Amino acid sequence: MFDSGVGGLTVLHECLVALPEEDFVYLGDDARFPYGARSADDLRECSVRNARFLLDRGAKLIVIACNSAATAGLDAVRELAAERGVEVVAVIEPEAEIAAAITENGRVGVLATPATIEGGSYVRALARQHRDLTVTAVAAPALAAVIQRGFPFSEAVVEQVRAYCEPLRRARVDTVILGCTHYPLVRPMLQRILGRDVRLVTAGHAVAARIERILNARGLATANRGEGTYRFVCTGDPESFRELGTRFLQLPLGDVEKVELDGA
Ligand code: DGL
């Protein structure tokens with residue numbers, strides 16, 4: 001599983017709960033954070049490089065736990081993984097499915113990084129859902145960075161997030177996709193700003209269900225009956241990753257291995 005930083009831990013957490021006996025390796029490409037400000041070409045390159053690293057480590061399935069990377073890199077990662085007979089599960093499609101299924105007024109909001117919004121992946125994924133939906137997509141350029149820094153939440157941050165949410169409120173959406181895996185970490189703030197009646201959609205649960213389906217269908221589910229292992233690899237400072245990751249995952253991360261990955 002990979003992300004640009006700690007955001008993908010929101011997906012990993014669901015996987016650790018839903019598939020406790022499996023082993024996970026999580027790669028945080030934090031030396032290249034933020035992905036949300038990168039070009040599509042750059043993101044494709046980062047995604048392929050991250051996936052290659054995980055495949056070389058023996059991954060039996062790849063999870064793209066980053067919406068920006070999935071927007072630009074999913075096809076390229078699928079192509080690479082297919083050469084080794086490995087399937088890829090990504091965010092975006094699962095949230096689009098959930099949002100289309102639960103919205104009552106057909107007005108769906110998307111809050112995501114500039115790379116994800118400009119890449120148009122949610123608008124396309126929602127258009128595939130066979131429902132007449134009005135989509136309001138908003139980029140929140142500074143939000144992932146606040147979370148990746150480990151906060152703090154000043155009044156200025158809250159005001160900034162309020163401004164991001166304003167077009168969603170004006171559009172009277174009843175469902176908002178948190179289209180960046182960092183955002184569930186600030187769910188309470190978003191819920192307060194958007195109001196109790198707005199449903200927030202995140203990917204973790206649906207991604208874990210998809211992984212389970214694929215592993216079972218391909219006979220790849222582990223025979224292990226005890227708790228599996230989870231390990232962390234990052235490209236930036238392992239101590240900061242460990243400190244922040246422990247806080248967010250609320251599980252001990254153990255030693256975080258630092259790796260150098262070539263490229264963008
Ligand atoms: N967690 C990443 C995503 O889901 C984005 C954070 C970043 O900008 O690197 O898009």
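Throughout, residue positions are numbered sequentially from 1 according to the sequence presented. Indexing begins at 1, ligand by ligand and atom by atom, following the structure's order. Everything numeric here is computed off the predicted structure, so don't read it as measured data.
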For T113, the ligand 1 atoms with a heavy-atom partner under 4.0 Å come out as 5 (C), 8 (O), 10 (O)
Query - Min N/O separation T181 to ligand 1 under 3.5 Å - result: yes
For ligand 1, is C66 a contact, meaning one of its heavy atoms is under 4.0 Å away?
yes
Has ligand 1 got any nitrogen or oxygen that is less than 3.5 angstrom from a nitrogen or oxygen of H182? yes
Sidechain N-carboxylate O distance under 4.0 Å for R84, D56: yes
Quick note on ligand 1: atoms under 4.0 Å from a heavy atom of A144 include exactly 6 (C)
Given the rule in the ring pair (Phe, Tyr, Trp, His ring centres under 6.0 Å) test, do Y230 and H13 qualify, once you have shown the distances and angles that lead to the verdict? CA-CA 11 Å; Y230 54 87; H13 177 257; over 10 Å; no
> Is the shortest side-chain N to carboxylate O distance from E166 to R162 below 4.0 Å?
Replying inline: no
Residue, atom and distance of the protein heavy atom nearest atom 5 (C) of ligand 1 read C180 SG, 3.5 Å
A student checking ligand 1 against D3 at a 4.0 Å heavy-atom cut-off should list atoms 1 (N), 2 (C)
Would you say the side-chain atoms of N67 pair up with the backbone N or O of T116, donor to acceptor, closer than 3.5 Å? no
The atoms of ligand 1 lying under 4.0 Å from a heavy atom of Y35, numbered in the order shown, are 7 (C), 8 (O), 9 (O)
The residue among E93, E97, E14 that forms salt bridge (Lys or Arg N to Asp or Glu O under 4.0 Å) with R210 is E97
Examine distances only and state if a side-chain atom of T103 and a backbone atom of A100 form a donor-acceptor pair shorter than 3.5 Å. no
Here the atoms of ligand 1 under 4.0 Å from any heavy atom belonging to N67 are 3 (C), 4 (O), 10 (O)
Quick one: do the T181 and T10 side chains pair a donor with an acceptor below 3.5 Å?
no
**Request:** Verify, without hydrogens or angle tests, whether R32 (side chain) and T235 (backbone) share a donor-acceptor contact under 3.5 angstrom.
**Result:** no
At under 4.0 Å between heavy atoms, what of S4 touches ligand 1? The answer is side chain
A student checking ligand 1 against G36 at a 4.0 Å heavy-atom cut-off should list atoms 7 (C), 8 (O), 9 (O)
A student checking ligand 1 against S68 at a 4.0 Å heavy-atom cut-off should list atoms 3 (C), 5 (C), 10 (O)
